[in-house]
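For reference, the structure discussed in these notes is given below.
All values derive from a computational prediction rather than experimental measurement. Along the sequence shown, residues are numbered consecutively beginning with 1.
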Amino acid sequence: MISTLKTIMEIRGASGANRLLFYFGRIPLLGKLINDTIYSRATLKKTFTAVAVILRIIWGFLSKFAYLGIIVYTPILLTNKELPVSEQYDLYLYVLVLLSFVVGAVSNASILEPKRDKYICVKLMRLPADKYMHATLSLRGVTFFIYFTPAMMLFAGLFKAPLWQGMLLSLLLTLWRTVCEALHLLLFDKQEIVLVKKTGWVWSVIGAGYLLAFAPLNLGKAWLDMDHVLFSLPLSLAIAALGVIAAVYIARYPGYRNAVDAVTKIDDPLLDMGRMMKESRVREVQTKEEDFSAEQLSADQFSGKSGYAYLNAIFFSRHKRFLTQPIKRRLVIIGVLFAAGLLMLLTAPEKFSELAGYLINGLPLFVILMNFTSIGEKVCKAMFYNCDLSLLRYGFYREQSAILSNFRTRLLRITGLNLIPGAAICLAANLLILFSGEDWRIADALSFCGTVLGLSLFFSVHHLFMYYIFQPYSTELNVKNPFFTIVNSIVIAVGGACTQIKSTPADFALMVVLAAAVYMLIALFLVYRYSVRTFRVK
């Protein structure tokens with residue numbers, strides 16, 4: 001097993017080093033140090049392989065801290081800050097059990113996961129399927145426990161619980177996931193069903209699990225005394241026994257070749273799943289016959305335009321569905337929430353007053369909300385698939401004048417669209433606050449509107465800027481550029497940090513408007529300076 005594991009790690013390290021070299025070469029200025037000959041330099045390649053392995057390990061720890069901190073801990077802290085620490089800990093354990101023990105058990109099974117790594121090692125490198133699975137599953141179990149333990153202990157300490165509970169919880173989760181891996185394998189062996197491919201069932205479990213996990217947060221209590229139930233001796237011993245039985249079953253299972261073949265067929269998930277996901281992404285931005293009415297196909301409406309303005313006018317006219325439908329959905333949601341607020345005013349005035357207080361004091365939460373309200377990311381996907389994917393193959397379309405002209409036109413259009421739901425939010429929120437009888441002055445209302453509209457402007461610039469600087473989409477609409485993911489994650493993290501800011505609406509509005517203005521200037525400069533090199537088909 002050791003030699004097999006060493007081979008697998010070498011393959012993963014080399015693959016990670018190649019990706020690291022490739023994207024390092026895309027960094028402005030520093031990227032000039034990289035050329036194609038660097039891939040053949042063995043010593044430097046080994047250095048980058050080591051760096052890739054170290055980054056993978058660091059990411060393993062950071063991802064667990066991020067998961068427990070952002071997904072589990074933060075919602076509890078924001079919604080139930082006034083509860084005693086022991087009750088918060090019960091909520092934390094409840095959410096964690098639903099998400100990690102239930103949802104994760106169904107949606108995440110590496111034993112039948114269609115992975116390129118599995119395809120390369122077993123199909124191309126001819127490693128024995130049973131040795132590959134034994135090595136990778138053993139490595140996953142050990143690293144899963146090691147990565148989770150520090151994070152579990154940290155958050156147990158934050159709730160003033162014994163640190164041993166964090167370590168035990170990490171061990172129980174590892175053993176339970178081993179049991180679930182065995183159940184996935186047993187289901188495949190008896191029924192030839194790969195559960196992770198049943199996307200309808202998987203997403204149903206994910207949706208129901210998240211709903212059940214976060215519903216009690218509004219009630220201020222968990223449905224069970226999780227502390228005593230989860231760490232009881234009988235339950236711990238039962239999970240440990242099941243984990244040992246599952247590990248023995250996995251070790252002695254004789255049909256790994258069939259299991260690997262089922263998820264690495266050239267026309268199936270590595271590629272069937274990839275194709276299925278590609279088709280899903282393409283359908284999301286694909287034009288339909290009804291998108292092209294006689295009026296939209298008529299050139300008369302564009303008679304006053306020429307050049308790239310003419311091109312973009314045609315694009316936005318013939319792809320109205322991608323622009324109007326998301327806006328309509330957001331307006332409907334805002335209208336429903338506004339109607340629910342009015343109903344609360346009539347039926348539960350005290351709760352309505354609390355709602356108005358949340359709107360007044362929760363202005364920083366709109367940093368996250370307006371990110372999801374923006375339609376910029378979907379419009380960028382539609383522009384790439386239906387326009388830029390073809391035209392970027394021509395040199396004239398990649399010239400600076402063409403890029404800047406398109407960027408300006410698109411920015412104005414996306415900004416105008418994003419301001420519509422932003423204005424609706426401003427109107428609905430201000431009306432609800434006024435109806436509540438709160439001391440809400442014109443200056444406060446203007447500050448609220450300035451914040452929401454400033455955030456609409458910010459995310460309009462952000463999504464289009466990210467598209468032009470990183471151009472993250474491949475021809476299959478996969479997001480391939482890690483810098484795109486990193487920068488987006490940083491923006492979301494900053495948004496989360498903003499929720500902890502305590503300031504007046506006027507001060508916060510001023511910060512938002514200034515940040516949007518500065519960001520726009522930086523974005524315009526970077527697009528002007530670097531988009532000629534970065535805006536490409538990948």
Would you indicate whether the side-chain heavy atoms of [Y] and [X] approach each other to under 4.5 Å?
X	Y	value
Leu186	Glu181	no
Tyr67	Ser63	no
Leu242	Leu175	no
Leu96	Leu173	no
Phe159	Leu93	no
Pro472	Met466	no
Ile146	Phe61	yes

Without swapping roles, check the side chain of [X] against the backbone of [Y] for a donor-acceptor pair under 3.5 Å.
X	Y	answer
Thr136	Met133	yes
His462	Phe458	no
Asn418	Ile375	yes
Gln471	Thr534	no
Thr143	Arg140	yes
Ser100	Val97	no

Checklist line | For Thr373, side-chain contact (heavy atoms from CB on, under 4.5 Å) partners two or more places apart | finding: Arg330, Leu369, Met370, Pro421, Ile425
[X] atom [atom1], over 12 foreign heavy atoms within 6.0 Å:
X	atom1	answer
Trp59	CH2	no
Leu331	CG	yes
Met344	CE	yes

Next item on the list: Kindly state whether the ring of Phe148 and the ring of Phe144 have centres lying under 6.0 angstrom apart.
Entry: yes
Next item on the list: Would you sort out whether Tyr92 and Glu87 count as a side-chain hydrogen bond (donor to acceptor under 3.5 Å, both in side chains), showing the intermediate values?
Entry: CA-CA 9 Å; Tyr92 166 81; Glu87 295 184 26; over 6 Å; no
For the [atom1] atom of [X] and the [atom2] atom of [Y], what is their distance to the nearest 0.5 Å?
X	Y	atom1	atom2	answer
Asp189	Gln191	CG	CD	10.0 Å
Arg56	Ile54	CZ	CD1	12.5 Å
Ser86	Leu91	OG	CG	10.0 Å
Thr178	Leu137	OG1	CG	8.5 Å
Tyr519	Phe459	OH	CZ	9.0 Å
Ile76	Asp90	CD1	CG	10.0 Å

Kindly give the heavy-atom pair with the smallest separation between [X] and [Y], and that separation in Å.
X	Y	value
Gly69	Thr74	O-OG1, 2.6 Å
Gly104	Arg177	CA-NH2, 3.5 Å
His184	Ala105	NE2-O, 2.9 Å
Leu169	Met152	CD2-SD, 3.7 Å
Phe145	Ser170	O-OG, 3.3 Å
Phe352	Leu432	CZ-O, 3.3 Å

Next item on the list: Begin from the C-alpha positions of Val229 and Tyr94 and carry the test side chain to side chain contact (heavy atoms under 4.5 Å, CB included) through to its verdict.
Entry: CA-CA 10 Å; Val229 172; Tyr94 173 80; over 6 Å; no
Next item on the list: Tell me, with the steps shown, if Tyr89 and Leu158 meet side chain to side chain contact (heavy atoms under 4.5 Å, CB included).
Entry: CA-CA 9 Å; Tyr89 188 45; Leu158 291 177; over 6 Å; no
Next item on the list: Fit a plane to each ring of Phe155 and Tyr73, take the angle between them on a 0 to 90° scale, and name the class: parallel (under 30°), tilted (30 to 60°) or perpendicular (over 60°).
Entry: tilted
Margin query: Run Leu172 and Ser236 through side chain to side chain contact (heavy atoms under 4.5 Å, CB included) and show every step you take.
Written below: CA-CA 7 Å; Leu172 292 177; Ser236 299; 4.0 Å; yes
Item checked: Check against side chain to side chain contact (heavy atoms under 4.5 Å, CB included), Phe366 and Val512 -> CA-CA 11 Å; Phe366 281 87; Val512 168; over 6 Å; no
